[in-house]
Amino acid sequence: MKLYNVAILGATGAVGEEMTGILEERNFPVKNLLLCASHRSAGKEYLYKGEKIKVKELKDDSFKGIDIALFSGGDEVSEYFAPIAVKEGTVVIDNGKYFRMYPEVPLIIPEVNPEDIKKHSGIIANPNCSTTQMVVALKPIYDAVGINKVICATYQSVSGTGKEAIEELQEQSAAFLRGEYVDIKVYPHQIAFNILPQIGSFDDTGYSSEEIKMLLETRKILHDDGIKVSATTVRVPAFRAHAEDIHIETKKEIAPEEARELLANFPGITVIDNPFEGKYPLSLEAEGKDEVFVGRVRKDLAFEPGLAMWVVSDNLRKGAALNTIQIAELLIK
């Protein structure tokens, strides 16, 4: 088996740390692993297959000899360093939003549109976490009966914002329960014991950037500019795993029983759907898992024909690090 020199940018962040672990879990054919971060985080050490790897400062010459670079360092890092990496012959798989809507950059979910990877010119984009789990759940329905419209409300964990948000939820929760002052730094309002109907910035339509991402990215991944997606993205005081309430107007009638069978047979989906016994996807049970979990599949009462479903997935894994590495696995095939 051919081995590859792999770099992880943003290696000390929540997603970067997850990437290192998943490379080892999935036994990705790594020859040498380079962990990169800003100068503030350089020098930290991580274990990979029993060996300590020291994080190096990201520089212009970091990509010499690197075959695949997994980016998770933010838009400024992607904008500046991705072209440098490509000039060195490195293939960049970017977890950030910077390249997602570039027409020449494929936006990939391996279970959904693997054929698009052939179009890359050195840069491949990973979709937004909330888009990924939704589109995985939509795809088997879309293929079977078509989809006109999607209404989605998300319940997104703080780990989607990063380590600082995880720490803020911990600290705020402890302070609140002690009756002490709650310090607010990461979010515009207290997140502990609260729900924030804002993820990203708002535009003049009143929709947030996260909500617009779900529309535009879904259209690009499915190659369907006619599909309508209206999302309300919400931050909730959960540490990990996003949940979504999805309502679908289909082009043709489909029974919930048929939809469950299609979903259960689709790669990467696990159906948990027996609400009468309290069995449905839960965020806590999705933590650390690779699948997209789907439950509460039922006929929609507003859309005719239509379906409603509940979708949960670990945002740091399938929503970010895992999907990035699955793209790398697809690439080397």
Side-chain angles (χ1 to χ4, degrees), residues 4-59 62-63 66-78 81-82 85 90 92-98 124-130 132-133 156-171 185-186 235 238-242 283-284 286-291 313-329:
Y4 298 84
N5 294 324
V6 178
I8 297 177
L9 279 67
T12 61
V15 174
E17 290 181 346
E18 204 74 22
M19 285 177 176
T20 302
I22 292 173
L23 282 174
E24 182 170 353
E25 286 174 23
R26 296 176 73 87
N27 199 29
F28 191 87
V30 175
K31 182 177 181 180
N32 294 298
L33 180 61
L34 173 66
L35 303 181
C36 292
S38 68
H39 69 276
R40 296 185 303 275
S41 299
K44 289 186 177 181
E45 290 185 335
Y46 289 90
L47 276 177
Y48 178 76
K49 293 191 174 181
E51 295 185 12
K52 287 183 179 180
I53 298 180
K54 186 173 288 189
V55 176
K56 296 183 178 179
E57 181 180 353
L58 179 60
K59 297 181 178 179
S62 295
F63 302 97
I66 297 297
D67 300 304
I68 301 169
L70 312 178
F71 276 48
S72 187
D75 287 349
E76 290 182 0
V77 169
S78 297
F81 284 102
T90 304
V92 171
I93 305 174
D94 185 26
N95 185 59
K97 70 178 185 293
Y98 185 79
I124 304 165
N126 191 57
N128 182 47
C129 50
S130 52
T132 297
Q133 68 184 70
Q156 295 179 228
S157 68
V158 297
S159 59
T161 308
K163 283 184 174 181
E164 298 83 1
I166 296 171
E167 293 168 359
E168 178 154 303
L169 177 56
Q170 291 170 330
E171 292 167 1
K185 293 177 288 188
V186 175
R235 190 72 68 188
F239 287 107
R240 189 156 167 162
H242 293 348
S283 294
L284 282 176
E287 286 187 20
K289 306 284 182 30
D290 290 345
E291 303 98 316
S313 188
D314 186 325
N315 57 291
L316 292 183
R317 292 185 72 89
K318 186 55 184 172
L322 173 65
N323 199 72
T324 303
I325 290 166
Q326 287 176 314
I327 292 171
E329 292 171 343

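Here Leu9 contributes atom CG and Leu34 contributes atom CG; the two are 7.5 Å apart, rounded to the nearest 0.5 Å. Atom CD1 in Ile93 sits 11.0 Å away from atom CD1 in Ile8 (nearest 0.5 Å). To the nearest 0.5 angstrom, Lys44 atom NZ is 5.0 Å from Thr12 atom OG1. Once rounded to the nearest 0.5 Å, the distance linking CG of Leu169 with OG of Ser159 reads 10.0 Å. Note that CG of Leu284 is 10.5 Å distant from CZ of Phe239, once rounded to the nearest 0.5 Å. Interatomic distance, Gln326 CD to Asp290 CG, rounded to the nearest 0.5 Å: 7.0 Å.
Looking only at side-chain heavy atoms (C-beta outward), Val15 and Leu316 come within less than 4.5 Å of each other. Residues Glu164 and Lys185 form no side-chain contact, since every pair of their non-hydrogen atoms from C-beta on lies 4.5 Å or further apart.
Put simply, the side chain of His242 never gets that close to the backbone of Ser313: no donor and acceptor are under 3.5 Å apart. Formation of a donor-acceptor pair under 3.5 Å by the Gln156 side chain with backbone atoms of Ser130 is not found in this model. Checking side-chain atoms of Glu24 against main-chain N and O of Tyr48 turns up no donor-acceptor pair under 3.5 Å.
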For this session: Could you go through the side-chain contact (heavy atoms from CB on, under 4.5 Å) check for Lys318 and Gln133 one step at a time?
Result: CA-CA 7 Å; Lys318 186 55 184 172; Gln133 68 184 70; 5.8 Å; no
For this session: Any chance you could lay out the side-chain contact (heavy atoms from CB on, under 4.5 Å) test for Met19 and Leu23, step after step, and finish with the verdict?
Result: CA-CA 6 Å; Met19 285 177 176; Leu23 282 174; 5.5 Å; no
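Not a single ring pair (Phe, Tyr, Trp, His ring centres under 6.0 Å) links Phe28 to another residue, sequence neighbours left out. Evaluation of the side chain to side chain donor-acceptor pair (under 3.5 Å) rule for Ser78 yields Asp94 as partners, not counting sequence neighbours. Looking at residues two or more places apart in sequence or on another chain, you find a side chain to side chain donor-acceptor pair (under 3.5 Å) between Asn95 and Asn126. Annotation: side chain to side chain contact (heavy atoms under 4.5 Å, CB included) contacts of Ala165 (sequence neighbours excluded): Val158, Thr161, Val186, Tyr187. Among residues two or more places apart in sequence or in another chain, the salt bridge (Lys or Arg N to Asp or Glu O under 4.0 Å) test is passed with Glu17 by Lys163. By the side chain to side chain contact (heavy atoms under 4.5 Å, CB included) test, Lys97 is found to be paired with Asp75, Arg100, Lys213, residues two or more places apart in sequence or in another chain being considered. For Lys54, the side chain to side chain contact (heavy atoms under 4.5 Å, CB included) test picks out Glu45, with sequence neighbours left out. Taking Thr20 as the reference, nothing meets the side chain to side chain donor-acceptor pair (under 3.5 Å) condition, with sequence neighbours excluded. With sequence neighbours left out, Ile22 forms a side chain to side chain contact (heavy atoms under 4.5 Å, CB included) with Glu18, Glu25, Arg26, Arg317, Ala321, Leu322, Ile325. The side chain to side chain donor-acceptor pair (under 3.5 Å) search around Thr90 returns none, not counting sequence neighbours. Partners of Asp314 by salt bridge (Lys or Arg N to Asp or Glu O under 4.0 Å), not counting sequence neighbours, listed by chain and number: Arg240.
Residues Asn315 and Ser157 share a closest heavy-atom pair of OD1-OG, 3.0 Å. Contact between Ala241 and Ser283 at its shortest, heavy atoms only, is CB-O, 3.5 Å. Across all non-hydrogen atoms, the minimal contact from Ala11 to Leu35 is CB-CB, 3.8 Å. The shortest non-hydrogen separation linking Val92 to Ala82 is CG2-O, 4.0 Å.
Ring orientation note: the planes of Phe71 and Phe63 are close to parallel, at an angle under 30° on the 30°/60° scale.
The side-chain hydrogen bond (donor to acceptor under 3.5 Å, both in side chains) analysis of residues 29-38, with sequence neighbours excluded, yields the pairs Asn5-Asn32.
Other residues, nucleotides and ligands contribute over 12 non-hydrogen atoms within 6.0 Å of the NZ atom of Lys49.
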